[in-house]
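First up is the structure itself, then whatever we jot down about it.
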Number of protein chains: 2
Amino acid sequence: MSSRQNSPERKKLRMRDIAAQAGVAPITVSRALSSPDKVSPETLKKILEVVQKEGFIPNNVAGSMRATAKVIGTIVPPLINSGIADQVQGMSDACAAHGYQLLLVQGDFSAEAEDKAIMALLGWRPKGLIIQAFVQSKAARKRIATAGVPVVEISEIRGRTPMNLAVGISNFDAAYAMTQHLAGKGYKRIGFVSTPIHGNDRLRQRRVGYRKAIADLGIDQGDLEVEVPITSKGGAAALSILTERDPSIEVIFCSSDLLAFGAVQECRRRGWAIPDRIAIAGFGDMDLASQTYPAITTVRVDRYGMGRSAVDHLLSLAAGETGSGKSVDVGFEIIDRESA
Amino acid sequence: MSSRQNSPERKKLRMRDIAAQAGVAPITVSRALSSPDKVSPETLKKILEVVQKEGFIPNNVAGSMRATAKVIGTIVPPLINSGIADQVQGMSDACAAHGYQLLLVQGDFSAEAEDKAIMALLGWRPKGLIIQAFVQSKAARKRIATAGVPVVEISEIRGRTPMNLAVGISNFDAAYAMTQHLAGKGYKRIGFVSTPIHGNDRLRQRRVGYRKAIADLGIDQGDLEVEVPITSKGGAAALSILTERDPSIEVIFCSSDLLAFGAVQECRRRGWAIPDRIAIAGFGDMDLASQTYPAITTVRVDRYGMGRSAVDHLLSLAAGETGSGKSVDVGFEIIDRESA
DNA sequence: CTGTTAGCGCCTTCAC
DNA sequence: GTGAAGGCGCTAACAG
């Protein structure tokens with residue numbers, strides 16, 4: 001047996017124990033802890049003293065059987081190598097501000113994983129869900145509808161209609177704007193690198209935006225697109241592939257800063273000057289982008305703010321506010337630096 | 001009213017509803033879902049059909065009142081700019097493998113924040129806690145002891161005795177080893193950069209390890225230490241500060257790869273050759289380290305593995321295994337690359 | 001402002 | 001293999 005099991009204070013404290021010691025009814029303890037202003041100052045003081053002295057922590061599980069739990073469930077794609085960590089941070093901060101807890105499960109971009117994760121979360125009867133993409137499978141949508149909980153999707157906001165409400169940017173617009181921006185700086189042959197698009201609407205919309213811009217610009221350059229793994233090594237590989245495919249390529253627009261960073265490092269290895277020999281642009285404005293030398297031209301997206309905003313909107317929905325089908329566009333910004 | 005509220009299936013499903021439809025008692029449904037082998041095949045089949053058809057998801061909250069919840073609580077420092085994301089990933093994967101959920105709250109390195117976070121988690125009566133540092137305050141230790149839940153600390157393993165069990169590395173040893181490694185490569189004047197150490201035992205131990213190595217090596221170099229913010233910009237600043245303080249400094253050992261990266265970029269800006277004009281070493285072996293050019297010499301720590309391991313050990317403890325005071329050293333590795 | 005009553009939905013315990 | 005009873009700890013609803 002481990003030491004924690006023979007510590008003296010092994011009796012489990014309940015509200016009724018605190019109540020008994022304070023000479024009041026259990027419900028009064030409950031009120032003292034959740035709405036102190038409904039209890040007279042003296043009673044409150046006495047109760048809090050006992051709570052403090054005994055180190056009592058109320059059982060949320062039991063409390064959540066009557067009132068709904070102050071828990072928000074969220075599904076996040078793999079955290080590694082992405083800006084998702086910022087979003088989690090934003091959600092976590094917003095939850096803390098409202099006295100909520102974040103129940104986090106991990107999914108990938110597959111519909112099965114999503115469905116499983118949603119089931120796991122709904123089992124806890126959360127106040128709502130935040131999902132880092134569109135809810136994909138019909139089964140999952142139905143489950144959520146049946147459970148009757150609101151959902152905020154952090155996602156591409158173009159095209160599809162969210163279940164309740166989506167928070168995000170138009171990746172299409174952002175990629176379109178960056179492509180136009182690059183053309184405006186005089187680049188003619190513009191390549192596009194992305195990580196595998198499979199099932200990821202955000203990435204798909206970036207590519208579509210890029211293509212639309214190329215078409216609108218009337219540039220005829222053949223196929224200058226490539227998909228690589230989501231690592232900086234992938235960015236390095238993309239540079240090799242594209243410059244081999246078209247040695248006259250002038251700029252590479254990467255669908256993430258990490259890829260852009262990898263491409264920049266590959267140029268270093270080759271001794272290529274940026275942006276003279278080749279220019280590079282990224283997406284996301286990670287800390288990395290501004291600190292790399294040369295600093296990387298990129299699209300700034302406020303992921304932390306998206307996380308916070310998602311929680312705020314979710315709680316509004318949960319409070320009964322209508323949000324059906326709405327999308328909240330948090331916008332983006334082209335950050336022009338030295339790399340392109 | 002939002003659309004989810006007037007969907008037809010608004011009745012909340014309970015086990016008794018499923019039971020009624022299947023013509024059995026509620027307890028049989030419970031058994032069918034949690035220990036199917038205790039129910040006859042026919043009954044099982046019928047029950048699962050109804051469950052499927054109705055989209056029933058059992059209420060974990062209610063279930064957790066009798067059995068303890070399959071939930072692990074964890075406190076993480078700010079996720080941004082750190083390897084913590086890898087650890088969360090590891091914990092999340094391990095939890096999923098055991099059918100557990102991860103309840104995540106955010107703390108910083110202050111004792112008050114830690115105490116608040118611990119209370120919030122304990123309210124959910126989790127199976128155990130994973131904390132990304134030593135449990136600092138006495139109040140918090142007492143709370144945990146009172147609650148009777150096991151704790152795994154992901155932390156520096158040198159010096160202090162963990163409450164139950166710690167998983168981590170000796171940051172002292174790692175920093176000592178790196179400093180010796182640099183000395184072994186012929187560097188004489190070795191600087192040390194860290195982010196603010198305040199309350200962070202891991203960082204402190206790295207500095208102590210560095211100092212010990214400098215002392216053991218008999219190097220007399222005055223004060224070549226500096227603290228900067230935890231950004232790559234901080235690394236750049238450190239380079240400026242240290243080279244100004246001692247122009248003959250030969251190598252800078254950064255307590256994180258991010259800082260090292262910033263220092264490398266600052267060298268680029270100045271046109272300084274690495275490692276000839278100045279050498280740079282990091283800590284952590286982030287993806288960044290191997291992909292920067294020149295690639296950064298660093299200390300590799302398996303953070304993902306630490307996360308997984310923490311969950312596994314926690315579940316062992318929860319199952320009654322003794323672990324009091326033990327530390328699990330996951331080890332580190334010096335990765336020698338081009339930057340130093 | 002305080003208390004009484006009655007569950008929330010499930011699972012442990014004990015029968016059959 | 002299946003079921004009946006009861007309670008986990010808390011709080012909504014309704015008195016007083």
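Numbers restart at 1 for each chain; the letters A, B, ... are given by sequence-line order, proteins then strands. Note that the structure is predicted; figures quoted are calculated from it, not measured.
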Kindly list each side-chain donor-acceptor pair under 3.5 angstrom involving residues 68-75 of chain A, sequence neighbours excluded, with atom names and distances?
{"from": "A:Thr68", "atom 1": "OG1", "to": "A:Lys127", "atom 2": "NZ", "distance (Å)": "3.2"}
{"from": "A:Thr74", "atom 1": "OG1", "to": "A:Ile130", "atom 2": "O", "distance (Å)": "2.9"}

How would you give the extent of chain B contacts on DNA chain D, as first and last nucleotide 5' to 3' within a 4.0 Å heavy-atom cut-off?
D:dG1 to D:dG9
Check every strand shown and say whether B:Val39 touches a base, only sugar-phosphate, or nothing at a heavy-atom separation below 4.0 Å.
sugar-phosphate
Report the residues that fulfil salt bridge (Lys or Arg N to Asp or Glu O under 4.0 Å) with B:Lys38, sequence neighbours left out, ordered by chain and then residue number.
none
Using the side-chain contact (heavy atoms from CB on, under 4.5 Å) criterion, which residues pair with A:Arg308? Sequence neighbours excluded.
A:Asp93, A:Ala94, A:Ala97, A:Tyr304
Using the test side-chain contact (heavy atoms from CB on, under 4.5 Å), find all partners of B:Thr43 that sit at least two apart in sequence or belong to another chain.
B:Val24, B:Thr28, B:Val39, B:Ser40, B:Ile47
Those residues that, when tested against B:Asp17, pass side-chain contact (heavy atoms from CB on, under 4.5 Å) (two or more places apart)
B:Leu13, B:Arg14
Reckon A:Thr28 has a side-chain N or O less than 4.0 Å from the OP1 or OP2 of C:dC1?
no
Taking side-chain contact (heavy atoms from CB on, under 4.5 Å) as the definition, give me every residue that meets it alongside A:Ala139, ordered by chain and number, with sequence neighbours left out.
A:Asp115, A:Ser137
Is A:Val61 touching bases, backbone alone, or none of the nucleic acid, heavy atoms closer than 4.0 Å?
nothing
Produce a footprint string for nucleotides 9-16 of chain C: one letter per nucleotide, 5' end first; B if the base is under 4.0 Å from any protein heavy atom, S if only the sugar-phosphate is, - if neither.
BSBB----
Taking only residues two or more places apart in sequence or in another chain, which ones pass salt bridge (Lys or Arg N to Asp or Glu O under 4.0 Å) with B:Glu112?
none
Does a side-chain N-to-carboxylate-O contact under 4.0 Å join B:Glu49 and B:Lys45?
yes
